[in-house]
Amino acid sequence: MSNNTTGTDDADPDGTQSTDWADAIGSGGLVVVSNRQPYSHTYDGDDIAVEVQAGGLTAGLDPVMQSVGGTWVAWGDGDADREVVDGNDCVPAPPDDPGYTLRRVWLDDEEVDDYYYGFSNQVLWPICHSALTNVTEWERYWEQYQSVNERFVDAVEAHTEPGDIVWFQDYHFALAPAIARERVADDTVLMQFWHIPWPSWDTFRGCPHGEAILEGLLGNDLLVFHVPRYRENFLHCVEAALDDAEVDHEAGTVTYDGYETQVTEFPMGVQVDEIAQRAATDEAEEFWADFTEKYNVADTVAVGVDRLDYSKGIPERLRALEQFWERNPEWRGQLTYVEKGSETRSQIPAYQAIQQRIEDAVERVNDRFGTDDWTPVLSFEEYISKEALASLYRHSDLALISPIRDGMNLVAQEYVAAQIDEDGVLILSDQAGAGRMLDAALMVKPQNTGAFTDAIEEALSMRDAEKRARMQRLREQVAENDLATWTGLNLRAAMALRDGEGSVREPELPTGGQP
Ligand code: F6P
């Protein structure tokens, strides 16, 4: 299909009229495709329990699907998932108040090892985070990545009608769009949101099967990144790798194999109002009272919330904290750093190594400075409720978000959304996509330990008026770019392409000058 159209200029600027999307998608439906499913079913003794996935992608798209309806295709990874599906592997979702269909795709152990732990997380993830030394490839990873992409397209095909919008999510499905393009009607819109960074050509040229990855993605009508520099990197990679591709940087289009793909950026946001409401609940207050008492938390608190991934810069953050307590002995006993981690991808050696490094660093700092009644770094991995998390953000005087490379970093936005008292300071790595949106944060390079330590000192000595002014600006920025806005931008762009209305609009962002 062609996508020479104009368009979403008349979009609802705050993106809140979600029913528009459902109406405008009209008779055509929405089919979302992601690796993780929003709900899984697990055995709990003889009963079957429902687990809600906490990840940013699934948590963000579930409300969209609930308001729009349609089908969500995802890996059925719960041990009781097969018990509850119908003959077509479908189950209504959410289970207690169905609004859409969840279509499960089954993966066997080999597929999980080679497609998920293998090509997705030991090739594409490290390449896109510019961590070339963590790339490990086996031929079987690539074979399973191809075949799992085909199997997801089988499911898409079974649920897609002409005029539908198929929305692929993330790096697990780089091949699926080109496969689907051969199988679905011409007026079906294929689009993809790439949730992680896209690297420069000099890094991407190290990607095994990189050309096929680019060709797969060019099966999309619309390919969306978080920020302009990832889009530009992608366009340069296409230009360098595919001789026959025509790239128009100005229009953000690629024509390849007789087909045009629009490439743009819409920064993902969070559910700002819901997070603020949760931060103000009684449950949130109770959590904080219990937590501070149980762990004898100091009066001043810094927080970090991360999957325990090598891209998140956690050892670097702990080094800056260590240097801070070394330089400022008067702050010993006065500041507690809370690290809420989540175990992730621990089957992969690079993850085992980083998780061990983090554990060692926490132990080192606590051994060095801890006393009988003060633990400098409180690190825990247990699940806490959304209210408890909002409370942790609200009551933390500073947030330390220090990824070495990160597509967006929704934690930074969640911290700001929960800052209803407007008295916290955000210290943010300039390597996260969120830096483009959140220009009133104190920006750091996570590996510059001296400057990172300076930033912690600056945050802790900042005058109240400056803190408030910065936090108010950050709060405006996350509210303007919230999840509903992002959804509206994506779906309106897709509808503009489907309905032949012109090229998609790029959002005007508040920016501190980062591309
Ligand atoms: O950041 C990319 C991402 O896919 C997120 O969207 C998601 O929250 C996270 O990684 C989870 O990773 P996994 O599904 O491997 O646990």
Side-chain angles (χ1 to χ4, degrees), residues 32-40 51-65 72-78 104-105 107 111-131 134 141 144-145 148 152 167-174 176 192-199 224-227 230 266-271 305-314 340-352 354-355 381 383 386 389 401 403-414 429 431-434 483 486-487 490:
V32 163
V33 186
S34 71
N35 177 61
R36 290 277 172 208
Q37 57 181 345
Y39 302 94
S40 57
E51 277 181 19
V52 181
Q53 283 281 342
L57 186 158
T58 46
L61 284 171
D62 184 53
V64 177
M65 288 303 281
W72 187 328
V73 180
W75 165 30
D77 64 342
R104 287 177 168 148
V105 174
L107 301 180
E111 287 170 326
V112 174
D113 283 350
D114 298 338
Y115 141 82
Y116 171 73
Y117 288 110
F119 202 81
S120 297
N121 285 312
Q122 292 188 73
V123 179
L124 290 177
W125 178 274
I127 287 276
C128 288
H129 289 84
S130 303
N134 285 345
Y141 290 179
Q144 292 287 10
Y145 188 80
V148 169
F152 271 79
W167 194 4
F168 296 104
Q169 305 295 324
D170 233 342
Y171 58 102
H172 311 90
F173 303 111
Q192 188 148 14
F193 192 84
W194 195 262
H195 290 254
I196 62 176
W198 192 278
V224 187
F225 297 93
H226 284 292
V227 295
Y230 307 153
F266 299 137
M268 192 170 181
V270 297
Q271 291 184 286
V305 176
D306 311 270
R307 280 187 311 102
L308 299 174
D309 192 293
Y310 51 76
S311 64
K312 300 294 180 187
I314 303 168
K340 163 70 187 93
S342 321
E343 196 189 342
T344 184
R345 306 173 191 166
S346 308
Q347 197 162 315
I348 298 172
Y351 284 80
Q352 290 159 11
I354 189 70
Q355 288 162 17
E381 291 177 32
Y383 169 82
K386 288 179 176 177
L389 184 60
I401 316 277
I404 291 167
R405 204 41 72 87
D406 208 335
M408 168 54 69
N409 197 295
L410 298 176
V411 170
Q413 296 188 41
E414 288 176 2
S429 162
Q431 301 297 304
L483 184 70
W486 174 81
T487 309
N490 278 280

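Everything quoted here is computed from the prediction, not taken from an experiment. All residue numbers in this chain count up from 1 along the given sequence. Indexing begins at 1, ligand by ligand and atom by atom, following the structure's order.
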- Message: Residues around ligand 1, heavy atom under 4.0 Å from any ligand atom, sorted by chain and number. Can you pull those?
- Response: Arg36, Gly55, Gly56, Leu57, Tyr116, Trp125, Asp170, Ile196, Arg307, Arg345
- Message: Which residue is it: Ile348, Asn134, Asp309? I am looking for the one with a side-chain contact (heavy atoms from CB on, under 4.5 Å) to Trp125.
- Response: Asp309
- So do the side chains of Gln347 and Asp113 get within less than 4.5 Å of each other, counting heavy atoms only? yes
- With side chains defined as the heavy atoms from C-beta onward, is the minimum distance between Phe152 and Phe168 less than 4.5 Å? no
- Message: Here's a test for you: under ring-ring contact (aromatic ring centres under 6.0 Å, His included), which of Tyr230, Trp486, Trp198, Phe173 qualifies with Phe193?
- Response: Trp486
- Message: For the CD1 atom of Ile404 and the NZ atom of Lys312, what is their distance to the nearest 0.5 Å?
- Response: 11.0 Å
- Message: With side chain to side chain donor-acceptor pair (under 3.5 Å) as the test, pick out the partner of Asn121 among Tyr141, Tyr171, Tyr115, Tyr351.
- Response: Tyr171
